[in-house]
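Everything below concerns the one structure shown next.
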There are 2 protein chains.
Amino acid sequence: MEQKMKPKPRERILQVAADLFYRQGYTQTGINQIIAEADIAIGSLYKHFPSKSDLLVAYLEMKENEWLEDFEKFCKGTDNPKELIIKYVDFRIEHQQNTAFCGCPFIKIMSQLDTTDDKVQQIVEAHKSKQKALLYSFFKQIPDIGSWDKKQLSENFFVLVEGAIVTTTILRNTQALESARKFIKKII
Amino acid sequence: MEQKMKPKPRERILQVAADLFYRQGYTQTGINQIIAEADIAIGSLYKHFPSKSDLLVAYLEMKENEWLEDFEKFCKGTDNPKELIIKYVDFRIEHQQNTAFCGCPFIKIMSQLDTTDDKVQQIVEAHKSKQKALLYSFFKQIPDIGSWDKKQLSENFFVLVEGAIVTTTILRNTQALESARKFIKKII
DNA sequence: GTCTATAATCTGATAGAC
DNA sequence: GTCTATCAGATTATAGAC
């Protein structure tokens with residue numbers, strides 16, 4: 001049995017769309033570009049994804065799953081909570097380097113769309129809440145630290161990293177992320 | 001002499017475009033919508049702004065000037081550096097409340113455009129550098145604080161607020177900004 | 001400087017043959 | 001499932017009259 005080189009059409013569409021949405025932006029990416037780069041017929045695209053916004057939702061759900069999987073892999077073998085907190089920054093530093101400082105897919109999408117109370121808002125919110133909860137679960141496991149409240153500390157650290165990601169895309173270097181890393185290492 | 005109610009065409013265009021670019025996004029806003037809402041002819045628009053991207057640059061430069069002016073007004077009468085640092089957060093909290101959590105115009109634009117090394121990148125970078133320098137000038141004036149390096153502290157605080165702004169637009173409340181405010185108040 | 005009219009192109013989406 | 005052909009509307013931008 002020979003293995004085909006190209007993935008199945010649906011996967012190809014999603015992969016190409018994901019790449020373009022992330023790099024160019026959702027509104028700046030047209031259906032025509034997607035079908036051209038995925039080497040697919042337009043009829044096939046609309047068979048798999050009834051509208052462009054359906055494709056957007058599929059893209060975000062894919063990113064969500066990817067993130068969790070990749071982060072778990074990245075932390076494999078580590079169970080020290082302090083190390084895990086640092087791993088969280090390291091993971092995001094690595095991701096920004098690998099993507100040429102393209103930023104966070106979820107934050108970018110929120111900036112691109114008009115703020116309507118739709119499904120996208122919900123997905124982004126859920127994603128960020130999950131990250132925040134994950135970080136808090138690490139902070140809860142470390143011994144008490146001075147007069148710091150762990151809940152507050154973990155939330156501010158989460159927000160600090162969010163800001164560092166954004167700053168990273170503006171300045172096109174990882175300085176803000178490295179600085180956030182030092183900051184939290186000093187505290188915990 | 002009677003005062004006309006409407007501002008001059010150029011100002012009207014810029015004001016309408018600014019509002020739409022900020023709320024809807026740059027790519028999502030068409031020339032037609034701008035001329036309709038500004039009640040202007042399309043020929044006039046292209047007389048004042050040869051292209052849509054010229055309008056974008058003018059919009060960002062306007063926001064830059066507005067920010068500095070408004071912040072100075074907001075700080076009028078305050079010269080205590082610790083107070084000024086808190087004022088910086090308060091100013092941005094107020095701005096987010098006034099704009100229904102639309103976020104930072106500069107961060108939003110960066111997320112909307114393909115990362116090309118153009119004028120926009122330059123304007124955004126300059127704006128953020130100016131903010132960072134302003135904050136550092138406040139931190140330098142306060143007495144030594146524990147084992148904290150003021151440069152590092154001010155940079156991380158700046159980044160923290162950036163993250164809080166972004167988080168604010170996702171969760172549609174000022175919690176992250178309030179939390180950042182408490183955090184820095186505790187340290188300084 | 002402002003207007004109307006329009007060019008040339010691209011948008012997301014649909015229909016129907018194979 | 002894939003293809004070609006096409007829709008209706010929106011896109012940025014230009015030309016020429018007033």
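Since the structure is predicted, the reported quantities are computational estimates derived from the model, not experimental observations.
- The CD1-P distance, from A:Ile34 to C:dT11, rounds to 10 Å in whole Å.
- For residues 35-60 of chain A, the set of pairs meeting the ring-ring contact (aromatic ring centres under 6.0 Å, His included) definition, not counting sequence neighbours, comprises A:Phe21-A:Tyr59.
- Residue A:His48 has no polar side-chain atom (N or O) positioned under 4.0 Å from OP1 or OP2 of D:dG1.
- Sequence neighbours left out, not one pair with a member in residues 70-79 of chain A passes side-chain hydrogen bond (donor to acceptor under 3.5 Å, both in side chains).
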Can you give the donor-acceptor pairs under 3.5 Å from side chains of residues 31-38 of chain A to other protein atoms, not counting sequence neighbours?
unit_1, atom_1, unit_2, atom_2, d
A:Gln33, NE2, A:Glu37, OE2, 3.3

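- Taking the centre of each ring, B:Phe74 and B:Trp67 stay at or above the 6.0 Å mark.
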**Report entry** Contact state string [nucleotides 6-18 of chain D, B base, S sugar-phosphate only, - no protein heavy atom under 4.0 Å]
**Finding:** -----BBBB----

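- The side chain to side chain contact (heavy atoms under 4.5 Å, CB included) test applied to B:Asp149 returns B:Lys151, B:Gln152, not counting sequence neighbours.
- At whole-Å resolution of the value, CD1 in B:Ile13 and C1' in C:dG1 are 11 Å apart.
- Going from atom CD of A:Glu11 over to atom C1' of D:dG1 covers 16 Å, rounded to whole Å.
- In this structure, the CG atom of A:Leu45 is 9 Å from the P atom of C:dA13, given to the nearest Å.
- Partners of B:Gln122 under the side chain to side chain contact (heavy atoms under 4.5 Å, CB included) rule, at least two apart in sequence or in another chain, do not exist in this structure.
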